[in-house]
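The structure appears right after this line, and notes come after that.
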Amino acid sequence: PHLLGSSFVLAISPRLMVLNRTGRPLLCCQRGCVAASSLPCDEWVPLHWHDGQRPREMLLRRVERGSEWSGGVPVGGSMQGDHGVLVGGGAAGRVHAGSTEATLRLRNLETGGAEFVRLAWQRLPRRATIGLIISDASEHAAPMVIHHPTRHELHCQQAGVPVVSVLPAG
């Protein structure tokens, strides 16, 4: 018999892990918190909520000067089968329970540039961890197209983002 008697191994792993595959570093934070976490390229990083009383919404931005925080992406901790569950409408369109992908716009107010990133959730094999993979979605079509053939100016605003986009008439 072993000196310690019967023993077992306890493996503790984070509930959420994020992988940045956009080719450039990102920052992420919880809505309402000033603490931000760095998301370097091609490294798995655990996502921790800094304040359990605040919404479990993740905001993203580029590290470079002029970048603004994205709208909030509510991240749910529940799972359905092998798919992560995202509930809420912070990303483009409304993402319903059971979804595994969403598209988010990142803007730089200084340069006027915008890019789209794709968020994909998946359960990591043989673990209770949910993996969130962020990749470039710029080569894909925009997540929403607005045809505006009226004579009125249209003002659009993404939830959680202070900037309003103006579409001219016609």
Side-chain angles (χ1 to χ4, degrees), residues 10-109 113-145 157-163:
L10 175 64
I12 299 174
S13 63
R15 183 71 174 135
L16 296 167
M17 294 285 290
V18 182
L19 175 63
N20 174 10
R21 285 207 170 145
T22 64
R24 292 177 21 226
L26 289 165
L27 291 174
C28 98
C29 75
Q30 180 180 5
R31 179 180 296 286
C33 293
V34 293
S37 300
S38 178
L39 299 176
C41 298
D42 298 321
E43 287 184 32
W44 284 102
V45 176
L47 178 66
H48 299 289
W49 301 116
H50 292 281
D51 186 341
Q53 302 303 312
R54 297 204 181 262
R56 290 188 177 199
E57 288 185 23
M58 179 179 68
L59 285 72
L60 295 172
R61 66 170 263 188
R62 288 285 178 203
V63 176
E64 60 224 21
R65 192 171 140 212
S67 293
E68 73 170 338
W69 288 105
S70 69
V73 179
V75 180
S78 59
M79 297 290 290
Q80 288 185 353
D82 288 334
H83 304 292
V85 176
L86 168 74
V87 181
R94 178 154 179 85
V95 183
H96 301 283
S99 294
T100 57
E101 289 190 1
T103 303
L104 189 67
R105 180 179 69 170
L106 301 178
R107 290 181 17 146
N108 186 308
L109 297 177
E115 65 178 301
F116 295 98
V117 292
R118 175 157 288 139
L119 310 175
W121 282 259
Q122 56 184 214
R123 176 171 279 215
L124 300 181
R126 297 177 302 282
R127 299 175 82 183
T129 302
I130 299 169
L132 169 58
I133 300 170
I134 305 170
S135 59
D136 183 39
S138 297
E139 70 276 359
H140 301 288
M144 178 173 43
V145 177
Q157 182 176 9
Q158 180 180 350
V161 177
V163 177

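Positions are given from 1, in the same order as the sequence printed here.
In this structure, the side chain of Ser70 engages the main chain of Leu60 through a donor-acceptor pair within 3.5 Å. Distance alone, capped at 3.5 Å, places no donor-acceptor pair between the Asn20 side chain and the Glu43 backbone. Judged by distance alone, with hydrogens and angles left aside, the side-chain atoms of Gln30 form a donor-acceptor pair with the main-chain N or O of Asp51 at under 3.5 Å. Put simply, the side chain of Arg54 gets close to the backbone of Gly32: a donor and an acceptor are under 3.5 Å apart.
Residues Glu68 and Arg61 share a closest heavy-atom pair of O-CB, 3.3 Å. Shortest non-hydrogen contact noted between Pro40 and Val45 is CD-CG2, 3.9 Å. Taking every heavy atom of both residues into account, Leu59 and Trp69 meet most closely at O-CZ3, 3.5 Å. Closest non-hydrogen pair, Leu26 versus Arg62, comes out as CD2-NH1, 3.5 Å. Looking at every heavy atom in both residues, Glu57 comes nearest to Pro74 through CG-CA, 3.8 Å. When every heavy atom of Ala36 is checked against every heavy atom of Cys29, the shortest pair comes out as CA-CB, 4.0 Å.
To the nearest 0.5 Å, the span separating CZ on Arg118 from CG on Asp136 amounts to 9.5 Å. To the nearest 0.5 Å, the span separating CH2 on Trp121 from CD1 on Ile133 amounts to 11.0 Å. Distance check: Met17 CE to Leu132 CG gives 11.0 Å after rounding to the nearest 0.5 Å. Taking CG of Leu27 as the reference point, atom CG of Leu39 lies at 7.5 Å (rounded to 0.5 Å).
Residues Asp42 and Arg21 have side chains in contact (heavy-atom distance under 4.5 Å, counting atoms from C-beta outward). Side-chain contact check for Leu47 versus Cys28: some heavy-atom pair is nearer than 4.5 Å. With contacts defined as side-chain heavy-atom distances shorter than 4.5 Å, the pair Ser37/His48 does not qualify. Using a 4.5 Å heavy-atom cutoff, the side chains of Leu106 and Glu115 are in contact.
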